[in-house]
Enquirer: 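My questions will all concern the structure given below.
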Amino acid sequence: MLEPSHASYLKNLVGEGNFYDDSPHLSAYAYDATKERYLPDGVIFARDEHDISQILAYCNMHKIIVVPRGAGSGFTGGALSVRGGLILSLERMDQILEIDEKNLIARVQPGVINKHFQEVVEKRGLFYPPDPASQDQSTLGGNVSENAGGMRAAKYGITKDYVMALRAVLPNGDIIRAGKKTIKDVAGFNVAGILIASEGCLAVITEMTLKLLAKPKLRQSAMGVFNSIKEAMEAVYKSMASGVTPVAMEFLDNLTINAVEQRFNKGLPIGAGQF
Ligand SMILES: Cc1cc2nc3c(=O)[nH]c(=O)nc-3n(C[C@H](O)[C@H](O)[C@H](O)COP(=O)(O)OP(=O)(O)OC[C@H]3O[C@@H](n4cnc5c(N)ncnc54)[C@H](O)[C@@H]3O)c2cc1C
């Protein structure tokens with residue numbers, strides 16, 4: 001439990017409705033996708049970078065553990081308050097700050113949901129490829145902090161390939177900027193690169209400048225039927241080396257094809273892969 005003086009300071013800092021230490025809130029923020037459960041001592045919702053700076057400076061001074069959290073869909077346990085302390089939720093910092101169509105970049109707050117971001121940029125003819133299977137719920141801040149990848153990774157890469165610059169708050173409350181908006185940014189240490197995949201251990205990411213692509217004009221799906229797994233795998237190597245890299249490839253063996261057919265009756269070739 002947080003000392004009453006700490007609870008009262010933090011509540012005053014972020015205002016009514018942004019700090020909780022009641023049992024329902026503590027329970028609601030005790031989980032991530034690992035299904036492990038560790039009750040925090042408090043849950044605080046940051047409204048902006050300034051809040052985060054103040055929260056971290058105070059907690060650093062008073063040795064209160066702070067665990068940043070996006071949507072809590074991570075499998076690493078990084079959003080769990082294993083030794084108590086404060087869950088710092090970024091979910092209310094969910095604004096897309098800028099979409100720069102000329103320079104193909106966007107500036108976003110960490111709490112933006114991946115899928116929402118994809119939909120918004122696609123309406124403008126742009127494309128953000130990283131698509132973790134948790135895209136309906138996971139936040140872009142969580143994606144950067146875990147360096148999430150998805151089905152489109154083979155062709156387009158993973159989250160780190162789309163992070164151009166970051167703003168973040170260090171544990172002592174200092175605000176830093178890392179990276180640049182330009183592609184040919186070679187000067188200095190790659191500080192943004194260190195923060196990517198750091199699972200909230202080094203800093204709290206407060207803003208991200210992400211690279212966008214032009215939305216592909218055409219999409220085409222194809223199904224190949226093979227007599228054996230070996231033949232199917234050879235087709236994968238050949239198509240990857242042919243210069244026409246597929247966005248995603250899904251492999252179904254005979255057992256899976258038959259299971260899908262029994263359940264959904266899609267007309268899949270049930271004799272495939274038997275030789
Ligand atoms: C059904 C399902 C499918 C999934 N599919 C994929 C997949 O295809 N590919 C993949 O890579 N992962 C996948 N994941 C894992 C998870 O969704 C990703 O790791 C995702 O990026 C986590 O985002 P989140 O917003 O839920 O972050 P959280 O789980 O809340 O946090 C994850 C970590 O990031 C830190 N963090 C969060 N926000 C910040 C911030 N602003 N600053 C600093 N640190 C921060 C937390 O402290 C924690 O260490 C999946 C999870 C589920 C449940």
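Both counts, for ligands and for their atoms, begin at 1 and track the order of listing. In this chain, residues are counted from 1 in sequence order. We use all heavy atoms of the structure for the numbers below, so side chains are in, but hydrogens, waters and symmetry mates are not. Keep in mind it's a predicted model, so treat the numbers as computed, not measured.
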Enquirer: Using the ring pair (Phe, Tyr, Trp, His ring centres under 6.0 Å) criterion, which residues pair with Phe75? Sequence neighbours excluded.
Expert: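 For Phe75, no residue satisfies ring pair (Phe, Tyr, Trp, His ring centres under 6.0 Å) once neighbours in sequence are set aside.
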Enquirer: Among residues two or more places apart or on two chains, list those pairs meeting side-chain hydrogen bond (donor to acceptor under 3.5 Å, both in side chains) that have a residue in residues 201-215.
Expert: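 Every side-chain hydrogen bond (donor to acceptor under 3.5 Å, both in side chains) pair that includes a residue of residues 201-215, provided the two are not neighbours, is Glu49-Thr206, Arg107-Glu207.
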Enquirer: Using a distance-only test with no angle check, is there a side-chain donor-acceptor pair under 3.5 angstrom linking Asn143 and Thr159?
Expert: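 Result is no, nothing qualifies.
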Enquirer: Students should find this: residues with any non-hydrogen atom under 4.0 Å from ligand 1. What is the answer?
Expert: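 Protein residues near ligand 1 are Ala33, Pro68, Arg69, Gly70, Ala71, Gly72, Ser73, Gly74, Phe75, Gly78, Ala79, Leu90, Pro110, Pro132, Ala133, Ser134, Ser138, Thr139, Gly141, Gly142, Asn143, Ser145, Glu146, Ala148, Gly149, Glu199, Gly200, Ala203, Val204, Ile205.
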Enquirer: Determine the interplanar angle of the Phe45 and Tyr20 rings, folded into 0 to 90°, and report it as parallel if under 30°, tilted if 30 to 60°, perpendicular if over 60°.
Expert: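 Aromatic pair Phe45/Tyr20 classed perpendicular.
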Enquirer: Does a donor on one side chain sit under 3.5 Å from an acceptor on the other, for His6 and Tyr58?
Expert: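 Yes, because at least one side-chain N or O of His6 sits under 3.5 Å from a partner of the opposite role on Tyr58.
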Enquirer: Show me the pairs that pass salt bridge (charged side-chain N to carboxylate O under 4.0 Å, His left out) and involve residues 133-157, at least two apart or across chains.
Expert: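 Output for this query lists Asp131-Arg152.
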